[in-house]
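Structure first, commentary second.
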There are 2 protein chains.
Amino acid sequence: MRVTIAEVAQRAQVSKATVSRVLNGKPDVDAATAARVRQVIADVGYVPSARAVGLARGRARTVGMLVPSLTWPWTGEVVQGAVDELESDGYGLLLYTVNRGAESLAQFASHVSAKAFDGLLVIEPPDTLSYIETLHDQGLPVVMIDDRGSRPGFPSVITTNREGARAAARHLVAAGRRHFAVVTGPADFGCVRERLDGFLDALGELGVHVDPRLVVEGDFTTERGAVATEKLMAAGLPFDAVFAHNDLSALGVTKALAAAGRVVPDDVAVVGFDDIPIAGHADLTTVRQPMREMGEAAARLLLSRLEGATPPVDPVVLPTTLVVRRTG
Amino acid sequence: MRVTIAEVAQRAQVSKATVSRVLNGKPDVDAATAARVRQVIADVGYVPSARAVGLARGRARTVGMLVPSLTWPWTGEVVQGAVDELESDGYGLLLYTVNRGAESLAQFASHVSAKAFDGLLVIEPPDTLSYIETLHDQGLPVVMIDDRGSRPGFPSVITTNREGARAAARHLVAAGRRHFAVVTGPADFGCVRERLDGFLDALGELGVHVDPRLVVEGDFTTERGAVATEKLMAAGLPFDAVFAHNDLSALGVTKALAAAGRVVPDDVAVVGFDDIPIAGHADLTTVRQPMREMGEAAARLLLSRLEGATPPVDPVVLPTTLVVRRTG
DNA sequence: CTGAAAGCGCTTACAG
DNA sequence: CTGAAAGCGCTTACAG
């Protein structure tokens with residue numbers, strides 16, 4: 001039989017209220033009484049029922065996390081960062097993905113209504129920003145790990161997309177490259193615009209101009225990265241460096257170049273964005289996004305909000321780092 | 001203000017008990033009454049509080065999942081499979097990792113004591129098998145995704161390690177290879193013994209003998225895979241194929257071979273195990289473990305147990321598949 | 001400093 | 001078929 005607060009109270013010869021007080025570190029408990037209660041708690045190995053505490057207090061010390069899918073390369077890193085941070089505060093993490101589309105979202109919504117968690121961490125699944133904003137407006141504390149430049153109306157964590165792209169540009173120019181091509185991500189993502197602007201800006205400051213015909217749109221997949229590169233080569237304009245807006249695209253770029261007999265990095269340098277595990281194995285030069293740290297920062301933001309702090313209006317910005325490897 | 005069962009009852013002019021009955025699909029409720037209650041529920045958008053239901057019923061419709069770390073390549077796949085399966089039954093997934101070692105485990109243990117979840121899915125973190133068995137013996141429903149051949153005393157899901165290794169052996173022999181080397185995983189893992197036995201058995205049946213000096217121990221990391229390969233080459237015995245016990249090791253093998261000027265697969269074929277995403281990008285021939293399916297199967301097993309079914313004594317076995325790519 | 005009582009929002013025998 | 005009451009295991013005013 002599970003031991004309850006009533007049993008502890010009886011054994012310690014006090015009321016349940018007093019046990020509750022020492023459990024929660026409330027002041028105004030006689031030192032001797034508190035010691036006795038603590039002793040009993042230790043003796044019987046009492047741990048308060050999470051469910052009962054949750055119901056009585058109206059909050060569960062549990063946070064929900066909504067992500068598109070754990071299959072995406074760096075999602076695990078973000079979740080790991082969040083879990084670590086939450087865990088050290090004793091919070092649990094309820095994980096939701098949108099892997100099964102609308103059905104997943106419906107399940108998630110019903111858990112929101114059931115108040116299964118106190119606050120929400122989210123990496124925006126496609127086309128859900130307005131829904132998430134609704135939840136926030138209805139009073140659910142929300143923090144977003146913003147990987148696509150959506151700029152929501154609530155606290156978020158982002159990276160320096162623009163500055164990361166600038167670093168890539170400066171590095172390539174310093175390495176002697178002059179003819180640049182870019183394989184972007186989906187044009188409607190804020191982060192894509194920032195990466196493109198930062199890259200072109202930095203090049204401009206260095207007196208390097210990029211031919212618009214050498215900027216082609218990808219969709220963050222390896223396949224489209226390869227297709228885009230073929231398009232680039234077919235255009236007939238010379239280029240000696242490609243900036244891809246994420247690592248998966250960059251891998252596609254590398255493949256297409258190799259297939260066409262162009263040597264990386266001798267003929268063409270390739271730089272990606274993200275620094276997913278595969279980037280290391282492929283020796284890909286890339287702009288690192290601190291995914292783990294983003295998860296941690298988001299969790300901290302949410303926890304402080306749950307503890308009553310007022311969240312910052314502006315996004316928390318984490319720095320990117322240029323990781324120079326073999327390809328560029 | 002949140003709407004409660006009391007409000008629904010009042011609006012529908014019935015007692016809370018009756019609302020509860022229609023909510024839970026109990027029989028013996030007048031059709032008209034039930035319809036009226038359902039109408040009110042829909043009108044006010046009532047969703048029962050997960051916490052209150054959990055307390056009253058003594059179970060939370062939530063499952064815990066304990067994994068070593070989300071950083072490990074295929075953990076995300078397993079978790080995704082589990083989440084999908086649980087979600088379709090309306091269950092939540094509380095995620096725990098052991099990324100911070102003993103501290104993590106202590107937090108996990110306290111959540112177990114607090115009865116934060118009804119059952120546990122686990123990929124065994126290092127040296128925790130006996131602890132997990134204790135939890136099981138104390139009555140917590142547990143299902144293990146057994147990636148290392150531990151054979152616990154409770155339901156588990158495994159893959160055909162032996163048969164996967166046999167398939168690799170047959171494939172390599174059919175491709176004309178005759179001189180085999182093996183880079184194993186940690187020798188104390190059951191799966192490592194199975195993969196080695198299966199490989200050597202199949203070769204034996206085909207009349208091929210493996211020199212024991214060409215079997216070296218790795219630890220499932222790329223670094224040690226490379227080191228092991230150098231050892232292999234230093235031994236001076238010829239070999240034209242390497243079977244590595246996981247993909248990360250295989251990548252190390254490939255690197256070391258390339259560094260030594262040996263061409264893959266012309267000089268040496270390389271076959272791995274797992275089929276993590278990087279394997280595809282590296283064009284690595286490998287034995288695929290259906291990680292997603294393992295997560296799904298484990299979740300189904302646990303759910304049926306929670307619904308009252310008696311779990312199978314023997315492990316559920318999922319088949320591996322040989323994925324032939326460029327390296328072997 | 002401490003206890004009795006009410007309340008959190010449900011479910012579940014027990015009666016009828 | 002339905003309701004009143006007790007109970008799940010805590011927390012929190014309210015008194016003293």
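Bear in mind that the values here come from a model prediction, so they are computed numbers and not experimental data. A note on names: the letters A, B, ... follow the listed sequences, proteins ahead of strands, and every chain is numbered from 1.
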**Message:** Taking Watson-Crick (N1-N3 plus N6-O4 or O6-N4) and G-U wobble (N1-O2, O6-N3), each under 3.5 Å, can you produce the dot-bracket string of DNA chain C? Use [ ] for crossing pairs and | for inter-strand ones.
**Reply:** |||.||||||||.|||
Just the atom pairs and distances: protein N or O near nucleotides 1-5 of chain C's N or O, under 3.5 Å.
residue	atom	partner	partner atom	Å
C:dC1	OP2	A:Asp28	OD1	3.1
C:dT2	OP1	A:Thr33	OG1	2.5
C:dT2	OP2	A:Asp30	N	2.9
C:dG3	OP2	A:Ser15	N	3.0
C:dG3	OP2	A:Ser15	OG	3.1
C:dG3	OP2	A:Thr18	OG1	2.8
C:dG3	N7	A:Arg21	NH1	3.4
C:dG3	N7	A:Arg21	NH2	3.4
C:dG3	O6	A:Arg21	NH2	2.5

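- When heavy atoms are screened at a 4.0 angstrom cut-off, A:Lys26 is found touching the sugar-phosphate backbone but no base atom.
- A straight line from CZ of A:Arg57 to P of D:dC8 spans 20 Å, rounded to a whole angstrom.
- In B:Arg36, the CZ atom is crowded: over 12 heavy atoms of neighbouring residues, nucleotides or ligands sit closer than 6.0 Å.
- Contact annotation: A:Ser20 side-chain N/O to D:dT11 OP1/OP2 distance is under 4.0 Å.
- Atom CG of B:Asp188 has more than 12 heavy atoms from other residues, nucleotides or ligands within 6.0 Å.
- Taking atom CG on B:Leu23 and atom P on C:dG9, their separation rounds to 15 Å, with Å as the unit.
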**Message:** side-chain contact (heavy atoms from CB on, under 4.5 Å), that's the test. Do A:Phe189 and A:Asp147 meet it? Break it down for me.
**Reply:** CA-CA 9 Å; A:Phe189 280 22; A:Asp147 65 312; 5.8 Å; no
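- Expressed to the nearest 0.5 Å, how far OG of B:Ser110 lies from CG of B:Leu105 amounts to 11.0 Å.
- For A:Ser88 and B:Glu103, the side-chain atoms include no donor-acceptor pair closer than 3.5 Å.
- The interatomic distance linking B:Leu55 (CG) with C:dT12 (P) rounds to 12 Å, in whole Å.
- Closest of all the heavy-atom pairs between A:Arg292 and B:Asn99 is NH1-ND2, 3.2 Å.
- The CZ atom of B:Arg51 sits 9 Å away from the P atom of C:dG9 (whole-angstrom rounding).
- Atom P of nucleotide D:dG9 and atom CD1 of A:Ile5 are separated by 11 Å, given to the nearest angstrom.
- A perpendicular orientation is assigned to the rings of B:Phe108 and B:Tyr131, their planes being inclined by more than 60° (bins at 30° and 60°).
- Rounded to whole Å, atom C1' of D:dC8 lies 14 Å from atom NZ of B:Lys115.
- The neighbour count for A:Arg11 CZ, taken as heavy atoms of other residues, nucleotides or ligands under 6.0 Å away, does not exceed 12.
- The closest side-chain heavy-atom distance from A:Thr128 to A:Val122 is not below 4.5 Å.
- In this structure, A:Arg59 places its CZ atom 15 Å from C1' of D:dC10, rounding to the nearest Å.
- Rounded to whole Å, atom C1' of C:dG9 lies 13 Å from atom CG of B:Asn24.
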